[in-house]
Amino acid sequence: MKKLLIGNQAVAAGLHDGGLGVVSSYPGTPSTEITEFLSKYDDLHSEWAPNEKVACEVAFGASLAGARSACAMKHVGLNVAADPLFTLSYTGVNGGMVICVADDPAMHSSQNEQDSRHYAIASKVPMLEPADSQEAYTFARSAFELSEKYDTPVLLRMCTRIAHSQSVVETNEATPAVLKDYEKNPAKYIMMPGNAVKRHPFVEERTLKLQELAEDCIYNTVEYGSDEIGIITSGCSYQYVKEVFGDNASILKIGMPNPLPVNTIKDFAAKVKKLYVIEELDPIIENHVKSLGINVIGKEMFSILGEFSQKTIADAFGIKANDSVSADSPVPNRPPMMCAGCPHRGMFYTLAKNKITVHGDIGCYTLGAVPPLNALDTTLCMGASISGLHGFNAARGGETEGKSVAVIGDSTFMHSGMTSLVNVAYNATNSTVIILDNSITGMTGHQQNPTTGYNIKGEVAAKVNLEALCKALGINRVRVVDPYNLKECETAIKEELAVAEPSVIISRRPCVLLKSVKPLPPLKVDADKCKSCKRCMGLGCPAISMKDGKANIDNTLCVGCGVCKQLCAFDAII
Amino acid sequence: MKTTNVMIVGVGGQGSLLASKLLGRLLIDEGYDVKVSEVHGMSQRGGSVVTYVRFGEKVYSPIITEGEADYIISFEKLEAARYAKYLNKDGLIVVNTQQIDPMPVIIGAAQYPENVLDELVAKGLKVEALDALTLAEQAGSPKAVNIVLMGKVARQFGISYDKWIAAIENTVAPKFIEMNKKAFDLGYNS
């Protein structure tokens with residue numbers, strides 16, 4: 001049956017139909033749906049792990065046990081999972097193992113634009129890269145066989161446009177999951193120096209075998225069109241190239257970016273007059289082609305930055321684009337922002353009001369950085385708020401300890417905030433950490449985590465007690481506040497910043513978008529009482545605007561959180 | 001045959017993903033090759049969102065670029081203006097006249113352009129405007145703006161009325177079917 005599936009759903013279907021037994025992942029746009037869709041199958045074990053390293057190791061353990069296994073993550077998640085990845089390359093697998101990694105060219109929802117293909121090369125692990133949902137299905141499914149045949153984990157690289165584009169997929173009958181036997185094999189699975197030194201030659205030999213495979217496989221395909229122009233491309237860039245050239249160029253589509261073929265490229269190059277490489281992000285294929293001594297045009301014509309489109313390709317080749325017109329009036333930007341009633345808003349308002357230096361982290365609360373709150377000073381990566389604050393305070397001591405905090409969400413704290421908090425206690429800075437506990441993993445679309453009390457299937461699960469955890473990590477001062485109560489927030493911040501020891505404030509209120517959260521009746525403005533002071537506008541709440549010179553609350557957006565009401569000096573909000 | 005390009009644009013949270021899901025499903029049943037490209041994550045939080053729907057005999061790129069769109073279905077006025085440059089010279093913009101102020105306007109850092117739809121018409125673009133929010137409220141929920149708009153454009157794609165209704169019945173939760181069918185009809189007959 002033909003189905004219209006986003007790439008991530010196609011990956012899920014491919015993994016499942018390929019006999020997947022265990023999947024463990026941490027959510028991250030644009031990879032999240034792979035595991036969400038897998039969690040709907042009852043014939044496999046699925047879970048949200050606290051971070052990508054844990055997820056990758058769980059998948060390794062499952063593979064060792066003889067199951068086909070997978071983990072999925074965004075590109076920056078692979079940084080976290082890089083430690084097991086590099087040595088997994090040495091141990092190889094028992095059951096087939098697939099590591100799905102989704103890059104985000106143009107950074108639709110990411111903090112950097114890294115190219116995961118570097119990891120495949122550096123860890124010497126084969127990587128597959130589909131160019132549509134059908135290939136996502138086929139490649140994911142075949143990756144298990146590749147993994148078992150060559151005794152290696154396989155990286156499956158997605159990018160935003162493949163992960164989140166729906167295209168037509170035909171699925172085949174599923175292969176039932178089987179458990180291979182587990183046999184103790186210290187030489188293969190215990191990577192201490194004496195064993196690892198013997199596994200490294202295996203890895204190099206495997207790469208040579210995979211290079212042979214790259215010359216003749218379903219992943220790399222050639223379409224001969226014109227002999228004037230030859231284009232080597234991969235992933236979504238292939239689609240843009242086809243959109244522009246159709247059959248009027250010869251195309252070598254690379255579906256296995258590591259290891260890259262040699263003879264296939266040489267043969268292809270010999271048959272065309274002018275050779276181009278069109279690939280998003282870094283010049284991985286281009287550098288390989290150049291290393292073969294072949295003249296090729298690549299990044300001098302196609303940017304290293306952002307994502308491409310058919311227009312990028314057409315413009316580069318001087319092909320005239322369609323005419324278009326636009327309005328003369330400037331169109332204001334519509335940046336993303338915290339929702340009306342977002343529990344983070346009250347805390348950020350209080351921090352901004354008190355001119356606190358705020359070390360931010362990764363999640364919805366990164367939006368505390370945008371106007372009018374402008375509450376953040378830095379955002380680097382998962383967990384860096386706490387460790388960054390500690391380093392900041394270690395460098396500047398008492399000067400900053402009393403006026404700097406870290407903010408981190410519940411899921412991010414589980415991911416990699418705990419170790420940073422241990423460091424604060426152990427190496428003793430008087431740092432104040434605010435855990436923004438909205439009881440869900442928010443930005444990626446509401447995934448459960450160890451603090452929510454539910455697992456990926458929505459079943460009741462062990463629930464981390466954040467207060468007890470922080471105390472166990474060595475923080476003696478732990479208090480809980482309601483971020484809808486501005487006074488309570490301000491008192492807590494001032495008191496905890498004043499004390500000469502590290503402290504944690506848990507700002508606790510569930511995400512307003514959760515189905516379990518029932519909105520309160522919307523508030524309204526008494527126009528007679530409103531003095532147009534615009535103090536409520538300082539919250540940056542999308543429900544509040546100025547209409548006819550007075551504050552106005554949009555009753556379709558307002559959830560009655562009451563934060564603005566606490567700010568109004570004239571009791572005009574009722 | 002030429003590929004047809006449809007853009008569905010609006011503000012995060014307005015339900016454009018459901019609209020594209022419905023349209024995509026119907027088009028695949030008509031036997032077309034179809035690609036639908038969405039945005040997830042950060043860009044959904046009250047930000048400007050765009051979904052591309054492309055269909056034809058064989059579709060390659062999942063996205064639509066400037067001057068290519070045959071239809072722009074806009075859930076909000078300003079978003080129609082933002083993406084108007086994507087329309088081709090024979091294209092049609094169907095726009096909900098609702099105004100949702102973006103944060104730069106709310107905080108007074110920018111102005112919401114007045115009469116922005118008139119500007120687009122003056123540029124020679126074909127614009128059909130309707131108050132989908134009021135129609136959605138008539139149907140029973142302001143959340144049904146997406147279905148009202150799909151009703152408004154339903155005739156454009158050669159898909160029968162009955163198939164649209166069947167798709168709604170198959171896509172939305174049972175308790176919302178009647179309300180959504182009413183919303184569809186209000187758009188269809190507007």
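The chains referred to below are lettered A, B, ... by the order of the sequence lines, with proteins before strands, and numbering in each begins at 1.
At a 4.5 Å heavy-atom cutoff, the contact between B/R25 and chain A is made by backbone atoms alone. Looking at B/Y83, there are no atoms closer than 4.5 Å to chain A (heavy atoms on both sides), in backbone or side chain. Both the backbone and the side chain of A/A327 have a heavy atom closer than 4.5 Å to some heavy atom of chain B. Neither the backbone nor the side chain of A/P30 has a heavy atom closer than 4.5 Å to any heavy atom of chain B. Interface residue B/V105: only side-chain heavy atoms are found under 4.5 Å from chain A. At a 4.5 Å heavy-atom cutoff, A/D554 makes no contact with chain B through either its backbone or its side chain. Using a 4.5 Å cut-off between heavy atoms, A/D323 touches chain B through its backbone atoms (N, CA, C, O) alone. Only the side chain of B/I28 comes within contact range of chain A, judged by heavy atoms closer than 4.5 Å.
No more than 12 heavy-atom neighbours from other residues, nucleotides or ligands sit within 6.0 angstrom of CG on A/D548. Other residues, nucleotides and ligands contribute over 12 non-hydrogen atoms within 6.0 Å of the NZ atom of B/K2. Within 6.0 Å of the NZ atom in A/K550, the count of heavy atoms belonging to other residues, nucleotides or ligands exceeds 12.
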Q. Stepwise, does the side chain to side chain contact (heavy atoms under 4.5 Å, CB included) test hold for A/Q111 with A/T379?
A. CA-CA 8 Å; A/Q111 67 269 41; A/T379 296; 5.8 Å; no
Could you go through A/D247 and A/K242, starting from their C-alpha distance and side-chain angles, then the distance that decides it, and tell me whether this counts as salt bridge (Lys or Arg N to Asp or Glu O under 4.0 Å)? CA-CA 7 Å; A/D247 298 330; A/K242 284 295 281 184; 3.3 Å; yes
Run the numbers on B/L117 and B/K77 for side chain to side chain contact (heavy atoms under 4.5 Å, CB included), then give the verdict. CA-CA 7 Å; B/L117 296 181; B/K77 276 193 302 183; 3.8 Å; yes
Expected list for residues 156-163 of chain B: side-chain donor-acceptor pairs under 3.5 angstrom, two or more places apart:
{"unit_1": "B/Q156", "atom_1": "OE1", "unit_2": "B/Y71", "atom_2": "OH", "d": "3.4"}
{"unit_1": "B/S160", "atom_1": "OG", "unit_2": "B/K163", "atom_2": "N", "d": "3.2"}
{"unit_1": "B/Y161", "atom_1": "OH", "unit_2": "B/D185", "atom_2": "OD1", "d": "2.5"}
{"unit_1": "B/Y161", "atom_1": "OH", "unit_2": "B/D185", "atom_2": "OD2", "d": "3.4"}
{"unit_1": "B/K163", "atom_1": "NZ", "unit_2": "B/E30", "atom_2": "OE2", "d": "2.9"}

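Within the model, atoms CD of A/E280 and SG of A/C159 stand 5.5 Å from one another, a figure rounded to the nearest 0.5 Å. Atom CE of A/M107 and atom CD of A/E307 lie 10.5 Å apart (nearest 0.5 Å). One finds the CD1 atom of B/I100 at 8.0 Å from the OH atom of B/Y112 (value rounded to the nearest 0.5 Å). To the nearest 0.5 Å, the span separating CG on B/N96 from NZ on B/K152 amounts to 11.5 Å. For the atom pair CE (A/M337) and CD1 (B/I107), the distance works out to 10.5 Å, reported to the nearest 0.5 Å. If you take OG1 on B/T51 and CD on A/Q166, they are separated by 9.0 Å, rounding to the nearest 0.5 Å.
For the options B/T65, B/V36, B/D33, heavy-atom pairs under 4.5 Å to chain A are most numerous at B/V36. When each of B/E38, B/E114, B/K21 is checked for heavy-atom pairs under 4.5 Å with chain A, B/E38 comes out on top. Of the listed residues A/S326, A/P332, A/S167, the one with more heavy-atom pairs under 4.5 angstrom with chain B than any other is A/P332. Of the listed residues B/R82, B/K35, B/Q111, the one with more heavy-atom pairs under 4.5 angstrom with chain A than any other is B/R82. Contacts with chain B were tallied for A/M338, A/R161, A/K2; A/R161 has the most, counting heavy-atom pairs under 4.5 Å. Chosen from A/S165, A/S133, A/A340, the residue pairing most often with chain B at heavy-atom distances under 4.5 Å is A/S165. Annotation: maximal heavy-atom pairing with chain B below 4.5 Å, among A/Q239, A/E33, A/R334, occurs at A/R334.
For a heavy-atom cut-off of 4.5 Å, chain B lies close to A/M537, A/G540, A/C541, A/P542, A/I544 in residues 534-544 of chain A. Listed by sequence position, B/E119, B/L120, B/K123, B/L125 are the residues of residues 118-146 of chain B in contact with chain A, using a 4.5 angstrom heavy-atom cutoff.
Using the six-membered ring where Trp is involved, A/H344 and A/Y365 have ring planes that are perpendicular, over 60° apart on the 30 and 60° scheme.
Counting only residues at least two apart or in different chains, salt bridge (Lys or Arg N to Asp or Glu O under 4.0 Å) contacts with residues 90-100 of chain B are absent.
In this structure, A/I313 and A/F245 have side chains that are in contact, with non-hydrogen atoms separated by less than 4.5 Å. In this structure the side chain of B/L22 reaches within 4.5 angstrom of the side chain of B/I147, judged on heavy atoms.
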